[in-house]
Asks: 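Below is the structure I would like to discuss, written out as structure tokens.
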Amino acid sequence: MDRKMSRAAHHRARAIFPGGVNSPVRAFSAVDGEPFLVERGEGATLVDLDGNRYVDFLMCWGALIHGHAHEAVRTAVNEAAGKGTGYGLSCGAEAELGELVCDAFPSINRLRLVNSGTEAVMSAVRLARGYTDRDKVIVFEGCYHGHSDGLLAQGGSGLSTFSIPKSGGVPGSTVEHTLVATYNDPASAERRAEDTGDGLAAVLVEPVAGNMGVVPPEPGFLEGLRELCDRTGAVLIFDEVITGFRVAWGGAQERFGVRPDLTTLGKIIGGGLPVGAFGGRAQIMDRLAPLGDVYQAGTLSGNPVVAAAGAAALRLLRDAAPYARLDDLARALAEGLESAGQSAGLPLRVNRCGSMLTGFHTADRVHDYASAQRADRGRYAAFFRAMLDRGVLLPPSPFESAFLSTAHSPEDVEFAVAAAHDALRSCS
Ligand SMILES: *Cc1c(COP(=O)(O)O)cnc(C)c1O
């Protein structure tokens, strides 16, 4: 597959943007690849600058549950843009998006719209701290909650309870209030909670982990976190930036039947435009300015074009209820990938929740960060490149989720499975 134009464009971009990109994973370094640049998206297909076509299982990191350039979303964007692209004042479209979110999530009585998932989680944590008047937050190894300082933490070494920064530029004092527990291990969260004395403000978790590859919650995990928060008075925050409207209309909290105090959203609710939101119990949310003392603001928050696109995307989900069909498509892809692994004699285990899935190149069960990290990165990288050359785009990292959309057909899945058989033979 020839990618001359992409190569030249990426070369130019490297003179302007660090690494040639505006978000690191786009550089394809985790798969030892050369990134292509997108010319356009059509439904389930991406077209690159050289005119190569790919069946897209990245789907803008899960934001595009209706595929690229869906007509209803496009029309909503065009109509909204015709009336102005931003006012910095309240508008009608925001309320429409907000009502759809509150309708889907019974745990959300009040909502605030922001501009990214990062902002949503950062603000939800600030609110939880303000509400409880405590500082400590428990997070889980392998989860991602955006790139705000306090959440770029990793567990300290050995028996240390204190976290250390995961990025340059983050002061140790910023992550000292962030404690890291083990995913799917509620007892580890209990131990971390004890370390805080009476200082636990919040437990923050991806209810289905998507950022160490897909790792679904085991029975008792989310329930255990709910109990911990009930007992300690800490705020339970579900980061549903990926899973909201993805694993069910009402997100992971509907699918697994555990209700958080606060929920963060993003990705799907913007219809592919930049967005985030956080919401929950009125008693907590009403501590936000202008009603309360917890400050949070945004010039472009509740932007009319974003809100119109998001509302159009959510209306489609509400009216078409595509979740059973998405589940069938994703199951077919998961089973096809596993059988391709078997026939090539290479271990490939697929973790899946609804239409999000990851094929881990390992023979072992993946249930937390440590087990995810045992997957073979080199093999994934070779597999990713072989699939790309066969016209299938997977996530450009072994520890990310692939996504199906309502634009994918059973034929797209068959095409990908056939490509996987061929690709895995070439890597074995
Ligand atoms: C993508 C993501 C974020 C960050 O959202 P951005 O819009 O990229 O800032 C936060 N949490 C989770 C679970 C995510 O997947």
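This is a predicted model, so every value here is computed, not measured. Counting convention: from 1, in listed order, for ligands and their atoms alike.
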Asks: Which ligand 1 atoms are under 4.0 Å away from a heavy-atom of I242?
Replies: 15 (O)
Asks: If only side-chain N and O atoms count, and only distance matters, is there a donor-acceptor pair under 3.5 Å linking H367 with N184?
Replies: no
Asks: Taking the six-membered ring where the residue is Trp, are the ring centres of F140 and Y369 under 6.0 Å apart?
Replies: no
Asks: Do we see a donor-acceptor contact under 3.5 Å between the side chains of N78 and T75?
Replies: no
Asks: Side chain, backbone, both or neither: which part of N211 has a heavy atom under 4.0 Å from ligand 1?
Replies: side chain
Asks: Decide whether H10 and R7 meet the rule of one side-chain donor and one side-chain acceptor closer than 3.5 Å.
Replies: no
Asks: How close does the nearest protein non-hydrogen atom get to atom 9 (O) of ligand 1, and which residue and atom is it?
Replies: T118 OG1, 2.6 Å
Asks: Please test Q283 against R287 for side-chain hydrogen bond (donor to acceptor under 3.5 Å, both in side chains), starting from the C-alpha separation and ending with a verdict.
Replies: CA-CA 7 Å; Q283 194 190 5; R287 286 291 296 273; over 6 Å; no
Asks: Ring-plane angle category for F28 and F384, please: parallel below 30°, perpendicular beyond 60°, tilted otherwise.
Replies: perpendicular
Asks: Quick one: look up the protein heavy atom nearest atom 6 (P) of ligand 1 and list residue, atom name and how far away it is.
Replies: G117 N, 3.4 Å
Asks: Looking only at non-hydrogen atoms, which of E400, H145, K267 approaches atom 14 (C) of ligand 1 most closely?
Replies: K267
Asks: Which atoms of ligand 1 have any heavy atom of E206 under 4.0 Å away?
Replies: 13 (C)
Asks: Can you name the atoms of ligand 1, numbered from 1 with element, that are less than 4.0 Å from a heavy atom of S116?
Replies: 7 (O), 9 (O)
Asks: In terms of residue, atom name and distance, what is the protein heavy atom nearest to atom 11 (N) of ligand 1?
Replies: D239 OD2, 2.7 Å
